[in-house]
Amino acid sequence: MSQVRVRFAPSPTGFFHIGSARTALFNWLYARHTGGVFILRIEDTDKERNSEEFLRVIYDSLRWLGMDWDEGPGVGGSFGPYRQSERAPIYRDYLERLRSAGRTYEKDGATFFRISGEPQVIDDAIRGRVERTEEKDFVIVRSDGNPVFHFVNVVDDLAMRVTHVIRGEDHLSNTSKHTELFRAFGAPLPVYAHIPLILKQNGPGKMSKRDQGALIEEYQRRGFQPEALVNFLCLLGWSPKNDAEKMPLEEIIRLFDLPGINQSNARFDERKLAHMNMAYLHDMPAARYVPLARGFLERGGFFGTTPVDADYLREVLTLCQVKVRSLEELPAAIGFFFREDFAIDPKARDKVLAKGDPCARLRELRAALEQADFSTDATLEAAVQALAVQQGMQTADYIHPGRLAVSGVSAGPTFYGIFRVLGRERVQRRIDRFLASHSPTP
RNA sequence: GUCCCCAUCGUCUAGCCCGGUUAGGACACUACCCUUUCACGGUAAGAACCGGGGUUCGAAUCCCCGUGGGGACGCCA
């Protein structure tokens with residue numbers, strides 16, 4: 001069989017969303033799996049609703065997710081141009097073929113296609129045999145002279161020698177129009193593969209651009225890993241059948257195939273996506289994680305104009321690496337490492353202050369820290385344990401007020417790690433400040 | 001309304017094609033362990049074959065009918 005040629009054909013009429021990304025991904029994966037060609041074609045025949053901004057979002061999102069196209073805008077190819085708005089002469093030629101075959105007629109200024117009315121049968125790669133009979137002639141050229149989706153879609157698939165049409169199930173009912181056209185051109189049908197839809201996580205219906213968590217650029221902005229999103233997305237409607245979930249892209253490409261795609265719609269679950277993203281973050285080597293996190297924080301203006309010490313930042317980031325599900329949680333998680341004016345969580349404070357004599361413990365801790373070895377977590381732990389034994393206290397009696405005094409919250413990375421990274425001077429200063437504002441004594 | 005597609009834990013799914021499983025995994029949830037926090041990690045528990053008819057010794061698996069869900073019915077794509 002000849003080389004597989006698939007295409008992703010978005011129209012730039014809105015932001016790029018999860019459903020489109022998954023359709024693109026399945027096409028891309030199939031092309032890479034088979035050694036075929038992945039074509040990007042822009043379906044911009046609706047002049048009213050197109051915008052250059054949306055077009056840019058499509059390119060950016062595809063690139064961000066790592067889906068490179070072999071033919072299409074920017075890279076060219078033998079079957080261009082790849083924007084439908086630039087293919088008018090081709091559509092004229094094909095229209096003429098239909099006209100001379102007596103398959104068109106004019107009405108109200110528009111050009112209609114005369115259907116055969118024969119039952120249209122396809123052998124869908126995912127759904128099997130599907131039969132549907134088209135009942136009405138339909139418009140292929142609007143009265144303003146612009147050709148319509150069904151027509152240009154088929155003409156381009158024909159002209160671009162597309163072998164497999166992998167698209168959402170919402171097109172299944174349209175397929176009878178398309179096969180009518182293919183047959184009118186005397187052309188063989190491509191292989192159709194109608195993939196299940198992604199349903200919104202709350203409420204009925206398929207996911208749309210306006211739904212929570214629907215936009216790809218949103219995940220990019222929030223610091224999700226594109227590999228994690230790709231991994232999550234490929235598992236929505238497809239399974240490697242071996243219980244594997246987190247897989248390297250090469251593995252996904254190797255295992256991906258049309259028969260592995262299931263037939264029922266899948267509901268989007270942001271919690272599972274968050275978990276996948278966390279898994280990617282955790283497994284990332286520091287050499288990659290640190291610059292990535294740093295870049296994200298810089299873009300968000302986290303450091304302001306203050307220069308950061310690279311070594312200190314690396315310590316902070318690696319200490320907190322296992323604490324975040326996505327990079328967007330980073331600023332809140334590491335803020336206290338970079339500023340003295342961090343807020344004290346009132347609930348945590350009330351809880352700590354309610355038990356025993358935390359201020360006395362803090363004074364003891366501060367004094368003990370004078371001699372403590374800050375070089376490793378273990379030496380700090382030993383120092384605090386020795387202090388507890390000496391005072392007849394629990395280490396927890398020091399840990400909880402200590403954590404609150406230096407970070408303002410009750411949760412975070414390991415207590416000793418925070419002290420080690422912050423360093424003696426800063427820890428003592430924060431304890432002093434906490435004591436000054438929270439001691440019951442005058 | 002007409003037509004098309006689909007149906008396993010709350011969610012994503014394996015198993016179905018080629019009938020015989022304690023119906024498996026993951027997310028989420030719960031408990032315990034670890035860390036005297038939280039998270040991570042570990043262990044355990046709960047949790048599903050939409051309903052009804054067939055076929056069969058035997059049905060999640062094959063067939064039919066319901067029901068439910070989704071989609072399409074534009075001079076949108």
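Residue numbering restarts at 1 for every chain, and letters A, B, ... go by the order of the sequence lines. The figures that follow rest on heavy atoms only: side chains count, while hydrogens, waters and symmetry mates do not.
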Can you pull out every salt bridge (Lys or Arg N to Asp or Glu O under 4.0 Å) where at least one residue sits in residues 148-157 of chain A? Sequence neighbours excluded, please.
A:Arg7-A:Asp157, A:Arg41-A:Asp156, A:Arg41-A:Asp157, A:Arg87-A:Asp156
Only counting residues at least two apart or in another chain, list the ones meeting side-chain hydrogen bond (donor to acceptor under 3.5 Å, both in side chains) with A:Asn262.
none
Please list, by residue number, the residues of residues 139-154 of chain A whose heavy atoms come closer than 4.0 Å to an atom of RNA chain B; answer none if no residue qualifies.
A:Val139, A:Arg142, A:Ser143, A:Val148, A:Phe149, A:His150
Going by atom types only, do A:Asn277 and A:Tyr219 share a side-chain donor-acceptor pair under 3.5 Å?
no
Please list all pairs passing the salt bridge (Lys or Arg N to Asp or Glu O under 4.0 Å) test where one or both residues lie in residues 281-290 of chain A, with sequence neighbours left out.
A:Glu227-A:Arg288, A:Lys246-A:Asp283
Pairing check on B:A26: which nucleotide meets the Watson-Crick or G-U wobble criteria with it, both distances under 3.5 Å?
B:U11
Checking A:Glu86 now: which residues fulfil salt bridge (charged side-chain N to carboxylate O under 4.0 Å, His left out) with it, not counting sequence neighbours?
none
Sequence-distant partners of A:Arg142, side-chain hydrogen bond (donor to acceptor under 3.5 Å, both in side chains), two or more places apart:
none
Whichever of A:Asp269 and A:Val130 has its nearest RNA chain B nucleotide further upstream toward 5':
A:Val130
A:Tyr94: which residues meet the side-chain hydrogen bond (donor to acceptor under 3.5 Å, both in side chains) condition with it, sequence neighbours left out?
none
Can you tell me, in whole Å, how much space there is between the P of B:A60 and that of B:U21?
9 Å
Applying side-chain hydrogen bond (donor to acceptor under 3.5 Å, both in side chains) to A:Ser208 and not counting sequence neighbours gives A:Asp211
Nearest-Å distance once atom P is located in both B:A47 and B:G10
10 Å
Taking the P atom of each, how far is B:C6 from B:C62, in whole Å?
12 Å
Under 3.5 Å for both donor-acceptor distances, Watson-Crick or wobble: does B:A39 have a partner, and if so which one?
none
Once side-chain contact (heavy atoms from CB on, under 4.5 Å) is applied, do any residues pair with A:Arg424, and if so which ones, sequence neighbours excluded?
A:Phe374, A:Gln428
B:G46 versus B:A23 - spacing of their P atoms, nearest Å:
13 Å
Distance check, P atoms only: B:C76 and B:C18, in whole angstrom units.
46 Å
For B:A72, give the paired nucleotide (Watson-Crick: N1-N3 plus N6-O4 or O6-N4; G-U: N1-O2 and O6-N3; both under 3.5 Å), or none.
B:U2
Selection: residues 403-423 of chain A, any non-hydrogen atom under 4.0 Å of RNA chain B
A:Arg403, A:Ser410, A:Ala411, A:Gly412, A:Pro413, A:Thr414, A:Phe415, A:Tyr416
First and last nucleotide of RNA chain B, 5' to 3', lying under 4.0 Å from heavy atoms of chain A
B:C3 to B:A77
Going by side-chain hydrogen bond (donor to acceptor under 3.5 Å, both in side chains), name the pairs with one or both residues in residues 172-184 of chain A, residues two or more places apart or in two chains.
A:Ser116-A:Glu180, A:Gln120-A:Thr179, A:Gln120-A:Arg183, A:Arg132-A:Ser176, A:Glu134-A:Ser176, A:Glu134-A:Lys177, A:His150-A:His178, A:Arg167-A:Thr175, A:Arg167-A:His178, A:His171-A:Asn174, A:Thr175-A:His194
A:Phe185 and A:Phe151 aromatic ring geometry - parallel, tilted or perpendicular at 30°/60° bounds:
tilted
Distance between the C1' atoms of B:A28 and B:C9, in whole angstroms?
12 Å
Does any nucleotide pair with B:G20 by Watson-Crick or G-U wobble geometry, both distances under 3.5 Å, and what is it?
B:C57
For atom C1', what is the distance between B:G15 and B:G1, given to the nearest Å?
39 Å
